[in-house]
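Heads up: the structure comes next, in structure tokens.
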Amino acid sequence: MTNNIPWAIVTGASSGIGREMAKILAQKGMNLVIIARTSELLVTLKTDLESFGVQSCVICSDLTKVSAINDILQVLEEKDINPYVLINNAGCGLFGTFAQQNSQEISNMLTLNIQALTLLTHAIIPKIPPGGYIMNVSSIICFQATPYYAAYAASKSYVDAFSQALQYELSPNIHVSTLYPGMTDTRFFETSHQVIKPWLKSLMMKSAPFVAKKAITGMLNNKKTMTPGMINKISSNLGYYMPNWITTKLMAFLFKNR
């Protein structure tokens with residue numbers, strides 16, 4: 001399957017930001033390895049991607065499972081794919097009071113957001129040629145404690161710190177960037193069990209195509225960080241200008257449903 005066209009891996013590609021990033025990369029002439037749990041959506045995306053004249057490889061895999069990384073590596077080896085781009089987009093949130101959340105859901109979220117991202121990156125780095133790219137998807141709430149998203153926000157803080165360290169270690173051979181999306185019109189809030197306040201949605205919500213375009217453009221221009229949207233840029237810097245107790249109360253006000 002190897003050819004002169006570079007390959008990109010996108011996890012969480014079945015919908016939302018991941019799906020849009022895969023489509024943009026295909027438009028730019030890259031072959032795609034698309035990874036997610038939902039095979040039907042991946043097959044549909046595969047057809048869309050190949051309409052741009054590129055190849056695509058579907059890997060239906062649950063990254064919360066221990067065997068997922070080895071399964072992905074096996075497919076890459078079988079098809080002789082050495083990716084030029086790795087985008088760690090797969091992730092999920094869990095909304096609510098931490099003490100009342102389901103422990104298995106917490107474990108699955110942390111496995112997906114932290115362990116799978118870390119281990120997949122570790123496995124793929126040796127395959128990326130000089131000049132290649134890694135993009136990790138964090139969140140603007142990684143910069144402050146966030147009540148009602150306590151574990152999720154902390155997991156995204158890990159992604160932020162991990163990415164910054166990799167930027168140093170892998171430079172200049174591999175460019176590492178971090179995407180910090182704010183509220184985005186995807187299935188995130190449906191799966192995290194949160195109902196967004198209408199005024200907050202109208203103020204901060206961005207479309208998945210908008211976020212994806214900013215992300216891919218920034219990555220390919222060797223930007224270290226991408227935070228789409230002016231309000232998101234401002235809110236992500238609140239911790240630099242306000243004491244922690246104020247930002248924590250502010251985040252609690254924004255996300256509390258009552």
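Numbering of residues begins at 1 and proceeds along the displayed sequence.
- Under the 4.5 Å side-chain criterion, counting only non-hydrogen atoms from C-beta, I125 is in contact with L170.
- T111 OG1 to I106 CD1: the interatomic distance, rounded to the nearest 0.5 Å, is 11.5 Å.
- Side chains of Y149 and Q194: a donor-acceptor N/O pair is present below 3.5 angstrom, by distance only.
- Nearest heavy atom pair, residue A8 against residue M30, reads CB-SD, 4.0 Å.
- Note that CD1 of I24 and NZ of K214 are 11.5 Å apart. Values are rounded to the nearest 0.5 Å.
- M21 and I72 are not part of a single hydrophobic cluster, where members link through side-chain heavy atoms under 4.5 Å apart.
- Taking hydrophobic clusters as Ile, Leu, Val, Met, Phe, Trp and Tyr residues chained together by side-chain heavy-atom distances below 4.5 Å, I35 shares a cluster with M109.
- Side-chain atoms of Q104 and N108 include a donor-acceptor pair closer than 3.5 Å.
- Nearest approach of P129 to P83, heavy atoms of both residues: CD-O, 3.3 Å.
- Proximity of a side-chain donor or acceptor of K156 to a complementary backbone N or O of V137 within less than 3.5 Å is detected.
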Practice item. Could you please spell out the steps behind the side chain to side chain contact (heavy atoms under 4.5 Å, CB included) verdict for R19 and S14? Key: CA-CA 6 Å; R19 182 182 183 86; S14 60; 5.8 Å; no
Exercise for review: Check the pair I87, I9 against side chain to side chain contact (heavy atoms under 4.5 Å, CB included), reporting the backbone distance first and the verdict last.
Suggested key: CA-CA 6 Å; I87 297 181; I9 297 175; over 6 Å; no
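- Connection of V43 to V54 is not established within any shared hydrophobic cluster, with ILVMFWY side chains joined at heavy-atom distances below 4.5 Å, either directly or through further cluster members.
- Residues satisfying the side-chain hydrogen bond (donor to acceptor under 3.5 Å, both in side chains) test with T44, not counting sequence neighbours, are none.
- Just one of L76, I69, N82 meets the side-chain contact (heavy atoms from CB on, under 4.5 Å) condition when paired with I124; it is L76.
- Note: the hydrophobic cluster containing Y148 also contains M183 (ILVMFWY, side chain heavy atoms under 4.5 Å, direct or indirect links).
- Considering only residues two or more places apart in sequence or on other chains, Y158 meets the side-chain hydrogen bond (donor to acceptor under 3.5 Å, both in side chains) condition with T118.
- The main-chain N or O of K223 is found under 3.5 Å from a side-chain atom of H175 such that the two form a donor-acceptor pair.
- Hydrophobic clustering (ILVMFWY, side-chain heavy atoms < 4.5 Å, transitive): L166 and L119 are in one cluster.
- Side-chain contact between C57 and W7 is present, with heavy atoms from C-beta onward closer than 4.5 Å.
- With a 4.5 Å cut-off on side-chain heavy atoms, L94 and S192 do not count as touching.
- Of the candidates T121, V176, V10, V33, L86 forms a side-chain contact (heavy atoms from CB on, under 4.5 Å) with just one, namely T121.
- T97 contributes no side-chain N or O that, together with a main-chain N or O of Q100, makes up a donor-acceptor pair within less than 3.5 Å.
- Around atom NZ of K233, more than 12 heavy atoms belonging to other residues, nucleotides or ligands sit under 6.0 Å away.
- Each of C142, P228, S139 was checked for a side-chain contact (heavy atoms from CB on, under 4.5 Å) with Y180, and the lone residue meeting it is C142.
- Minimum heavy-atom separation, D62 to T64: OD1-OG1, 2.7 Å.
- Considering only heavy atoms from C-beta on, T248 comes within 4.5 Å of P147 through its side chain.
- Ring centroids of F95 and F189 are separated by 6.0 Å or more, keeping the two rings apart.
- Contact check on K65 versus D71 returns no salt bridge, with no Lys/Arg side-chain nitrogen under 4.0 Å from an Asp/Glu carboxylate oxygen.
- Minimum interatomic distance between Q144 and A153 (heavy atoms only, all atoms of both residues): O-CB, 4.3 Å.
- Between atom CG of residue L42 and atom CG of residue L49 there is a gap of 9.5 Å, rounded to the nearest 0.5 Å.
- Taking all atoms of both residues into account, the shortest heavy-atom contact from T186 to A208 is CG2-CB, 4.2 Å.
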Exercise for review: Test N136 against F162 for side chain to side chain contact (heavy atoms under 4.5 Å, CB included), laying out the working first.
Suggested key: CA-CA 9 Å; N136 294 325; F162 176 65; 4.1 Å; yes
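- The main-chain N or O of D48 is found under 3.5 Å from a side-chain atom of S51 such that the two form a donor-acceptor pair.
- A donor-acceptor pair under 3.5 Å is formed between the side chain of N31 and the backbone N or O of Q55.
- Side chain of T184 to main chain of G182: a donor-acceptor pair is present (N/O by atom type, distance under 3.5 Å, no hydrogens or angles).
- The environment of NZ in K127 is crowded: more than 12 heavy-atom neighbours from other residues, nucleotides or ligands sit within 6.0 Å.
- Once rounded to the nearest 0.5 Å, the distance linking CG of L250 with OG1 of T146 reads 9.5 Å.
- Between atom CE of residue M226 and atom OG of residue S138 there is a gap of 11.5 Å, rounded to the nearest 0.5 Å.
- Between F188 and Y152, the gap from one ring centroid to the other is short of 6.0 Å.
- Among residues two or more places apart in sequence or in another chain, the side-chain hydrogen bond (donor to acceptor under 3.5 Å, both in side chains) test is passed with K46 by E50, S56.
- A distance-only check finds no donor-acceptor pair linking the side chain of S107 to the backbone of S103 [under 3.5 Å].
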Check your understanding: Are T11 and N88 close enough, and set up right, to give a side-chain hydrogen bond (donor to acceptor under 3.5 Å, both in side chains), and what steps lead you there?
Key -> CA-CA 6 Å; T11 67; N88 285 306; 4.5 Å; no
Exercise for review: Run the numbers on M219 and M135 for side chain to side chain contact (heavy atoms under 4.5 Å, CB included), then give the verdict.
Suggested key: CA-CA 7 Å; M219 178 188 74; M135 183 202 300; 3.7 Å; yes
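- No side-chain donor from either of E105 and Q101 sits under 3.5 Å from a side-chain acceptor of the other.
- Annotation: the span from K28 atom NZ to I216 atom CD1 amounts to 8.5 Å, rounded to 0.5 Å.
- Here the shortest heavy-atom pairing between A22 and L45 reads CB-CD2, 4.3 Å.
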